[in-house]
Each structure stands twice: as C-alpha cells, then as structure tokens.
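The structure appears right after this line, and notes come after that.
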Amino acid sequence: MSAQPAPVPLLIACALGIEQFALRAGGRGGADGPVTVLRTGMGPAAAERAVTRVLADPALRDAAVLATGFCAGLAPGMHPGDLVVAEETRDPRGTTPCVGTELLVKELARALPGRTVHTGPLTCSDHVVRGPERGALRATGAIAVDMESAVTLRSAVRAGERPVAAVRVVVDAPEHELVRIGTVRGGISAFRVLRSVLPAFFEWHRSLLLPRR
C-alpha cells in the first residue's frame with residue numbers, strides 16, 4: 001500500500017495578541033492537518049517579515065495561508081462584529097486575488113448565524129484610518145481596511161503557489177469609530193466573533209488542499 005501524502009498545513013496569520021488569543025480560544029477540533037496561528041506583529045513590515053520567515057520552514061512550505069483579525073469597515077451601515085471576506089487584497093504594490101470566497105461566506109454564515117458577512121476588496125493602510133480618509137478609501141471600491149492582510153497574502157504567494165484568503169472582523173465602522181464611546185462594546189463583539197470563525201477556516205482548508213510538490 002502506498003503511503004498517504006502528508007496533510008497540507010494551514011497557517012492563520014494575525015497581528016495582535018488579543019486576536020491570537022481569540023483564535024486559540026476557539027479550539028482546534030475539526031482541522032484537517034497541522035494548524036499554526038502566527039502572530040505577526042502590527043503593520044505591513046512586521047507582517048512581511050513574519051510570514052516570509054515562517055514559510056521558509058520546510059514544515060510549512062506548502063501551507064495554505066489565511067489572514068485574519070480585526071479591521072475597519074468602510075461602507076455605511078457596517079457594524080462592529082460584522083465579517084469581511086476579501087475577494088482580493090490591495091496595497092501600493094499590487095493586488096492579490098483570494099481563493100474560495102464563496103465557500104468562506106457560506107461556512108461563516110453557518111458558524112455564525114445572524115452575523116452580516118460582507119464581500120469585496122480589502123485594502124491596506126500603514127496606520128489607523130479615521131474620518132475623511134475612510135471615505136477616500138471607500139471611493140476606491142474597497143469595503144474594509146487593515147494593516148496586514150495584503151502584505152501577508154502577497155508574501156505567501158511570493159514564497160510559493162498556495163491558496164490564500166483573508167477574513168476580518170469589523171471592530172469599527174463609519175458610524176462606530178474607535179474614538180467614540182461604543183469602542184469597548186464593539187471590541188467585545190468583534191472578539192466573540194473572531195473566537196467563532198475557526199470551523200469555517202477549517203472547511204475552507206479542507207476543500208482547497210494543495211497537492212504536495
């Protein structure tokens with residue numbers, strides 16, 4: 001009997017300790033293959049360094065990569081705790097298409113019934129976006145912004161062909177900016193949502209496994 005190929009790992013990248021804690025609190029049951037939750041640190045440069053370093057490890061060479069964590073919503077009507085599934089990520093160096101968007105939307109709706117899931121382009125900023133700058137980014141067609149997703153996915157595909165995706169939880173939005181009084185409530189809502197996303201991530205991983213090279 002021929003040996004079965006080793007399972008393709010899943011690398012889930014987030015920036016902040018609180019995001020990593022939420023993901024670990026969600027448990028690992030249901031994963032097909034090894035799962036690594038990587039805390040990259042905040043900002044594009046930190047994300048690029050961390051993802052490039054980790055994917056140089058032979059054990060993670062073929063890993064599927066999913067960027068996650070919190071984000072700022074750009075579209076009117078968004079609320080803390082809403083989910084964003086990126087169709088593509090954008091930054092000044094280009095665009096990275098995401099894989100399996102429709103599946104992620106379906107599985108997130110199953111894992112978090114009643115939560116609104118938005119799809120569209122996810123753009124990058126190297127700082128927290130507020131006020132008029134939020135509107136300017138919305139005018140480009142993006143629906144949300146964060147600091148790490150775009151460089152995480154670009155670094156991943158640069159290191160080798162693999163499925164990549166980005167799922168973010170809205171922590172502030174045009175009517176619910178971080179500087180306002182509802183920040184703590186919105187942060188708690190976003191944390192609870194992020195703690196519940198792993199089953200959807202595992203289904204995405206299961207359906208899009210790459211053959212070993």
Can Arg158 and Thr52 be counted as having a side-chain donor-acceptor contact under 3.5 angstrom? yes
So, the side chain of Ser196 versus the backbone of Arg192: is there a donor-acceptor pair under 3.5 Å, distance only? yes
Write down the atom of Gly73, the atom of Arg134, and the distance for their closest heavy-atom approach. O-NH1, 2.6 Å
Rounded to the nearest 0.5 Å, the CG atom of Leu198 sits from the NE2 atom of His205 at a distance of 12.5 Å
Decide whether Val117 and Val169 are clustered together by the hydrophobic rule: side chain heavy atoms of Ile, Leu, Val, Met, Phe, Trp, Tyr closer than 4.5 Å, transitively. yes
Single-linkage hydrophobic cluster, 4.5 Å side-chain cutoff, Leu16 and Val51 together: no
Quick one: does Arg162's side chain have a donor or acceptor within less than 3.5 Å of a partner on Ala156's backbone? yes
Are any side-chain N or O atoms of Glu19 and backbone N or O atoms of Ala15, one a donor and one an acceptor, separated by less than 3.5 Å? yes
How close do Arg90 and Ala142 get, heavy atom to heavy atom, and via which atoms? NH1-N, 4.0 Å
Candidates Val65, Leu66, Val164 - the one meeting side-chain contact (heavy atoms from CB on, under 4.5 Å) with Leu11: Val65
With hydrophobic residues grouped by side-chain heavy-atom distances under 4.5 Å, do Leu10 and Val85 end up in a single group? yes
If you look at every heavy atom in Gly120 and Ile143, which pair is closest and at what distance? N-CD1, 3.5 Å
If you round to the nearest 0.5 Å, how far is CD1 of Ile12 from CD of Gln20? 11.0 Å
ILVMFWY cluster, Met42 and Val37 together (side-chain gap under 4.5 Å): yes
Is the closest side-chain heavy-atom distance between Val197 and Leu23 below 4.5 Å? yes
Ionic contact status for Glu107 with Arg206, cut-off 4.0 Å: no
For Trp204 and Val167, what are the C-alpha separation, side-chain angles and deciding distance, and is it a side chain to side chain contact (heavy atoms under 4.5 Å, CB included)? CA-CA 11 Å; Trp204 174 82; Val167 175; over 6 Å; no
Kindly determine whether Leu83 and Thr116 satisfy side chain to side chain contact (heavy atoms under 4.5 Å, CB included), including the steps that lead there. CA-CA 6 Å; Leu83 288 147; Thr116 302; over 6 Å; no
Is there a path of hydrophobic side-chain contacts, each under 4.5 Å between heavy atoms of I, L, V, M, F, W or Y residues, that connects Val151 with Val145? no
Could you grab the distance from atom CG of Leu153 to atom OG1 of Thr89, nearest 0.5 Å is fine? 4.0 Å
If you define the side chain from C-beta out and look only at heavy atoms, does anything of Val171 sit under 4.5 Å from Cys71? no
Gap separating the OG atom of Ser125 from the CE atom of Met147, nearest 0.5 angstrom: 7.0 Å
Any sub-3.5 Å donor-acceptor pair from Glu148's side-chain atoms to Gly43's backbone N or O? yes
Heavy atoms only: give me the nearest Thr152-Ala13 pair and the separation to one decimal. CG2-CB, 3.9 Å
The reported gap from OG1 in Thr95 to CD in Glu88 (rounded to nearest 0.5 angstrom) is 5.0 Å
So, taking the atom named CD1 in Ile18 and the one named CG in Leu194, what distance separates them when rounded to the nearest 0.5 Å? 9.0 Å
Tell me the closest heavy-atom pair linking Pro121 and Gly141, and the distance in Å. CD-O, 3.5 Å
Minimum heavy-atom separation for His118 and Asp82, please, with both atom names. NE2-OD2, 2.9 Å
Should Phe201 and Thr68 count as side-chain neighbours, where that means a heavy-atom distance under 4.5 Å? yes
